[in-house]
2 protein chains.
Amino acid sequence: MMDNIIKKLRAARKTKGLTQSALGAKMGLPQSHISQIEAGKIDIRLSSFLEMARLLDLETMLVPRSLAPAVRSMLSGDGEEASRPAWQPDNEEKLS
Amino acid sequence: MMDNIIKKLRAARKTKGLTQSALGAKMGLPQSHISQIEAGKIDIRLSSFLEMARLLDLETMLVPRSLAPAVRSMLSGDGEEASRPAWQPDNEEKLS
DNA sequence: CATTCTTATATGTTACCACATATATTGAAT
DNA sequence: ATTCAATATATGTGGTAACATATAAGAATG
């Protein structure tokens, strides 16, 4: 479904530490509109989607279905390499 | 820009040997509308785009910009089956 | 040529996104 | 509890995609 891909936009925004207002400012849109979009309440135009993705440093790509799993596995290691250690000594207790 | 990705839809349709009418039938849309879309004359809704891609066996994916080149190179060999070597002697770019 | 297949334009109606603006709700922090 | 930040809802207008239908232009085929 489509709100799946929309949810990725929201996740990307949060990852970048942007608020809806901040993103809205970049796009020249009011925060309220960003909210509607992310909530999947409206069916935005393709150009709006592409611009929003671009502003979040995401590229929209069309992948042949047969290759999608391979691409997905490539993407599964989050965002980029320079961020978090590949693992962490699992420390079961008390993390909040 | 955006008509770039639209052009890929047209290319995919042709690759699959579908006419605008045939694709339109699958989507429940008139051929005239498909023509407008492919010509980049209208700015379609995201759901329409996603469905069109899906009917052409294409998956719409959001790829972090930093990983886009790697994904692109993965896709550069004509979108066919899984019978390609996973790997090829470092032939860096050369993209479409 | 004529005929068929494919694609491009044209016109009109309806539905709804884009946008503005305002307010409400949630949530965190002090 | 009272701010203040972030997000969610609400209302209204204008523009345009979605859709139907019709026709014209191109491109092949016989």
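Just the heavy atoms: all of them, side chains too, but no hydrogens, waters or symmetry mates, feed the values below. Proteins come first, then strands; the chains are lettered A, B, ... in the order of their sequence lines, and each starts at number 1.
Looking at heavy-atom distances under 4.0 Å, A:Ser35 makes contact with a base. Note on B:Glu38: nothing from the nucleic acid sits closer than 4.0 angstrom, heavy atoms only. No contact: B:Ile34 has no heavy atom under 4.0 Å from any strand.
If you measure from atom CG of B:Leu46 to atom P of C:dA18, you get 10 Å, rounded to the nearest angstrom. The distance between atom CD1 of A:Ile42 and atom P of C:dA20, rounded to the nearest whole Å, is 13 Å. Between the CG atom of B:Asp43 and the P atom of C:dC19 there is a distance of 10 Å, rounded to whole Å. In this structure, A:His33 places its NE2 atom 4 Å from P of C:dA18, rounding to the nearest Å. In this structure, CD of A:Gln36 is placed 10 Å from C1' of C:dC17, rounded to the nearest angstrom.
Not one N or O on the side chain of A:Asp43 forms a donor-acceptor pair closer than 3.5 Å with the backbone of B:Arg45.
The two residues B:Ile6 and B:Phe49 come nearest to each other via the heavy atoms CD1-CD1, 4.4 Å. Taking both residues in full, the closest heavy atoms of B:Met74 and A:Ala70 are given as CE-CB, 3.1 Å, listed atom of the first, atom of the second, then distance. When every heavy atom of B:Leu56 is checked against every heavy atom of B:Lys16, the shortest pair comes out as O-CD, 3.8 Å. Between A:Met27 and A:Ser48, the closest heavy-atom pair is CE-O, 3.8 Å. Taking all atoms of both residues into account, the shortest heavy-atom contact from A:Leu9 to A:Ala53 is CD2-CA, 3.9 Å.
Heavy-atom nearest nucleotides on DNA chain C were determined for B:Arg45 and for B:Thr19, and the one closer to the 5' end corresponds to B:Thr19. Each of B:Pro30 and B:Ser48 lies near DNA chain D, and the nucleotide nearest B:Ser48 is the one positioned closer to the 5' end.
For C:dA8, the OP1/OP2 oxygens have a side-chain nitrogen or oxygen of B:Gln20 closer than 4.0 Å.
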Next on the checklist: How would you summarise protein contacts on nucleotides 22-30 of chain C per nucleotide, using B for base, S for sugar-phosphate only and - for none, with heavy-atom distances below 4.0 Å?
Outcome noted: B--------

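Put simply, the residue from A:Lys26, A:Glu38, A:Arg13 that forms a side-chain contact (heavy atoms from CB on, under 4.5 Å) with A:Met52 is A:Glu38. For the side-chain contact (heavy atoms from CB on, under 4.5 Å) with A:Leu62, the lone residue among B:Leu75, B:Thr60, B:Asp57 that qualifies is B:Thr60.
When DNA chain D is scanned 5' to 3' for any atom under 4.0 Å from a heavy atom of chain B, the first and last hits are D:dA17 to D:dA22.
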